[in-house]
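A short worksheet on the structure shown next.
Values reported hereafter were calculated over all heavy atoms of this structure, with side chains retained and with hydrogens, waters and symmetry mates removed.
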2 protein chains.
Amino acid sequence: MTQTDPGFHSDHDHQHCIDQALLTARDLCRQRRQRLTPIRELVLKLVWQNHQPLGAYELLPALAAAGFNSAPPTVYRALEFLQQQGFVHRIASLNAYVGCPHPDRPHRSGFLICHRCKRAIELDTAPVHRALSASAEEVGFRIEQELVEVVGLCPDCQQQEATHA
Amino acid sequence: MTQTDPGFHSDHDHQHCIDQALLTARDLCRQRRQRLTPIRELVLKLVWQNHQPLGAYELLPALAAAGFNSAPPTVYRALEFLQQQGFVHRIASLNAYVGCPHPDRPHRSGFLICHRCKRAIELDTAPVHRALSASAEEVGFRIEQELVEVVGLCPDCQQQEATHA
DNA sequence: TTGTTTGTGTTATAACATAACATGAATATA
DNA sequence: TATATTCATGTTATGTTATAACACAAACAA
Ligand SMILES: [Zn+2]
Ligand SMILES: [Zn+2]
Ligand SMILES: [Zn+2]
Ligand SMILES: [Zn+2]
């Protein structure tokens, strides 16, 4: 993650986010000899509808509307696959899933989550990782996975709160 | 959090952890004019049985054994109170609760979680916070809450894995 | 005492997630 | 092509985590 994600810029061309995510996913699956089935692709698209993490059960009606008679296991399987491929991340504090804007290479993901507009934007956690590594090393702990979820107010919502008041 | 928590030292006097937690809780509740009822105190004691986060539903049998005929809401209410007072923390990635070793002053909590022995040890997240603040400021995000949960292997378990192999 | 707030009991249900097995599609092998 | 195998999905049931809503009683304040 070198550049800032566009997610908190409310005027960005989000269709571009979606298109890019789907193209990248197709490409990576081809390279990796993985199957991006219709259900998996649809789930990915739905998760990318916007930058707000989506719960697994919120996907079910949309799948039904698209003609898939799916039950929870189907959704969870698709999400599991997409997570394994690095196309989506799970936000533990929300029990929800969000698209990854740079699935091409493995990375440590952290999130800034706005409690007002509900958008979650992926964060560059390299500096956080350095701090964590140092702390962990002090006590001899071997890190395998890092979960960083920050809740607060995004720039847009700060403005709106100020205006409203 | 100035000193290291004893949680990853398997030979520490854990009864001391428990006693200290209960004493501090009683003291703080007196100061704050809050009621540490029998159920709340018992839940706190149960959560402190060891350094392994405990699920809400795991508390129910113990409450029953102590003569409280409690249902889930009772446990969640007690946990909510204890969290508000800063006596326990919730680990989102485990859906579980663990005692806080320094409830006397508010602080940002982070955790090192061993996936082998299941212990979760609270971490000094001041350095992490500095890194996060910097990243958040870059995009104009106002932080209100930080969730940091690191999964890996504690020193004890690293040794045991090495020995076993 | 009286009224109010607070904590708990109780029942029901919501929200999130997985186990287990059947079936059919895609892929690999011969 | 035929066959075997793997993989994705359908299906049913259930497990796990958490909360809503209302009744009641204890603690507290006046
Ligand atoms: Zn976008
Ligand atoms: Zn916002
Ligand atoms: Zn201890
Ligand atoms: Zn361990």
Side-chain angles (χ1 to χ4, degrees), chain A residues 25-26 29-44 46-47 52-85 87-98 118 120 147 149, chain B residues 25-26 29-44 46-47 52-85 87-98 118 120 147 149:
Chain A
R26 282 183 205 119
C29 281
R30 206 176 310 120
Q31 286 178 37
R32 297 171 184 170
R33 305 277 190 277
Q34 296 291 320
R35 292 163 60 192
L36 191 62
T37 63
I39 287 188
R40 289 169 176 173
E41 185 165 340
L42 178 52
V43 168
L44 180 58
L46 291 169
V47 163
Q52 302 167 350
L54 218 53
Y57 278 73
E58 299 182 76
L59 295 166
L60 284 172
L63 283 176
F68 296 97
N69 187 6
S70 298
T74 299
V75 171
Y76 281 101
R77 286 169 188 145
L79 288 171
E80 186 186 19
F81 171 83
L82 296 171
Q83 284 181 267
Q84 283 167 353
Q85 299 301 318
F87 301 162
V88 310
H89 297 293
R90 179 170 190 272
I91 313 275
S93 59
L94 301 175
N95 294 327
Y97 305 80
V98 71
K118 312 299 182 191
L147 189 156
E149 297 176 13
Chain B
R26 282 184 207 120
C29 280
R30 204 175 311 120
Q31 287 177 37
R32 298 171 184 170
R33 305 279 190 275
Q34 296 291 319
R35 293 163 58 192
L36 190 63
T37 63
I39 287 188
R40 290 169 175 175
E41 184 165 341
L42 177 53
V43 167
L44 179 57
L46 290 169
V47 163
Q52 302 167 350
L54 218 53
Y57 279 75
E58 299 181 77
L59 296 166
L60 284 171
L63 283 177
F68 296 96
N69 187 7
S70 298
T74 300
V75 171
Y76 281 101
R77 286 167 188 149
L79 288 170
E80 187 187 17
F81 171 84
L82 296 171
Q83 285 181 268
Q84 282 168 353
Q85 298 302 317
F87 301 162
V88 309
H89 296 292
R90 178 171 190 271
I91 313 276
S93 59
L94 301 174
N95 294 327
Y97 304 81
V98 71
K118 311 300 182 192
L147 188 157
E149 298 177 11

Discussion item. Counting C-beta onward and ignoring hydrogens, is there a side-chain heavy-atom pair between A:L59 and A:L79 closer than 4.5 Å?
Written reply: yes
Discussion item. Using C1' atoms of five pairs at each end, report the bend of the helix from C:dT1-D:dA30 to C:dA30-D:dT1 rounded to 10 degrees.
Written reply: 30°
Worksheet item: Roughly how many Å is it from CG in A:L63 to C1' in D:dT9, rounded to a whole number?
Response: 12 Å
Discussion item. Using modelled atom types and a 3.5 Å cut-off, is there a donor and acceptor pairing between side-chain atoms of A:R40 and backbone atoms of A:R35?
Written reply: yes
Item to complete: Could you state the atom-to-atom distance from CG of B:L82 to C1' of C:dG7 in whole Å?
Response: 13 Å
Fill in: Residue pair B:L94 / B:K118, side-chain heavy-atom distance below 4.5 Å
no
Worksheet item: Rounded to whole angstroms, how far apart are CD on B:Q34 and C1' on D:dC28?
Response: 13 Å
Item to complete: Rounded to the nearest angstrom, tell me the gap between atom CZ in B:R33 and atom P in D:dA27.
Response: 18 Å
Worksheet item: Can you tell if the side chain of A:L147 reaches within under 4.5 Å of the side chain of A:E149, non-hydrogen atoms only?
Response: yes
Worksheet item: Any side-chain heavy-atom pair from B:L63 and B:L42 closer than 4.5 angstrom?
Response: yes
Worksheet entry | Spacing of A:F68 atom CZ relative to C:dA25 atom P, expressed in whole Å | 14 Å
Practice prompt. Using heavy atoms to find the nearest nucleotide of DNA chain C for B:N69 and B:R35 separately, return the residue whose nucleotide is more 5′.
Written response: B:R35
Fill in: Length of the line joining B:R32:CZ and C:dT6:P, which is rounded to integer Å
17 Å
Fill in: d(CD, B:Q84; C1', C:dT6) in whole Å
13 Å
Discussion item. Rounded to whole Å, please give me the gap between CG in B:L36 and C1' in C:dT6.
Written reply: 15 Å
Worksheet item: Quick one: does A:E58's side chain have a donor or acceptor within less than 3.5 Å of a partner on A:G55's backbone?
Response: yes
Worksheet entry | Contact check, side chains of A:F68 and A:T74, non-hydrogen atoms, under 4.5 Å | no
Worksheet item: Which nucleotide in the list C:dG9, D:dT9, C:dT8 gets nearest to the side chain of B:S70?
Response: C:dG9
Worksheet entry | Stepwise side-chain contact (heavy atoms from CB on, under 4.5 Å) check, A:E41 with A:R26 | CA-CA 9 Å; A:E41 185 165 340; A:R26 282 183 205 119; 2.6 Å; yes
Worksheet item: Would you say B:T74 reaches C:dG9's phosphate, i.e. side-chain N/O to OP1/OP2 under 4.0 Å?
Response: yes
Discussion item. What verdict does the side-chain hydrogen bond (donor to acceptor under 3.5 Å, both in side chains) test give for B:R32 and B:Q85, after you've listed the backbone C-alpha separation in whole Å, the side-chain angles of each residue and the deciding distance to 0.1 Å?
Written reply: CA-CA 9 Å; B:R32 298 171 184 170; B:Q85 298 302 317; 2.9 Å; yes
What protein N or O atoms touch nucleotides 17-20 of chain D N or O atoms at under 3.5 angstrom, if any, and at what distances?
from, atom 1, to, atom 2, distance (Å)
D:dA18, OP1, B:R90, NE, 3.2
D:dA18, OP1, B:R90, NH2, 2.3
D:dA18, OP2, B:Y76, OH, 2.9
D:dA18, OP2, B:Y97, OH, 3.4
D:dA18, O5', B:Y76, OH, 3.3
D:dA18, N7, B:Y57, OH, 2.5
D:dA18, N6, B:Y57, OH, 3.1

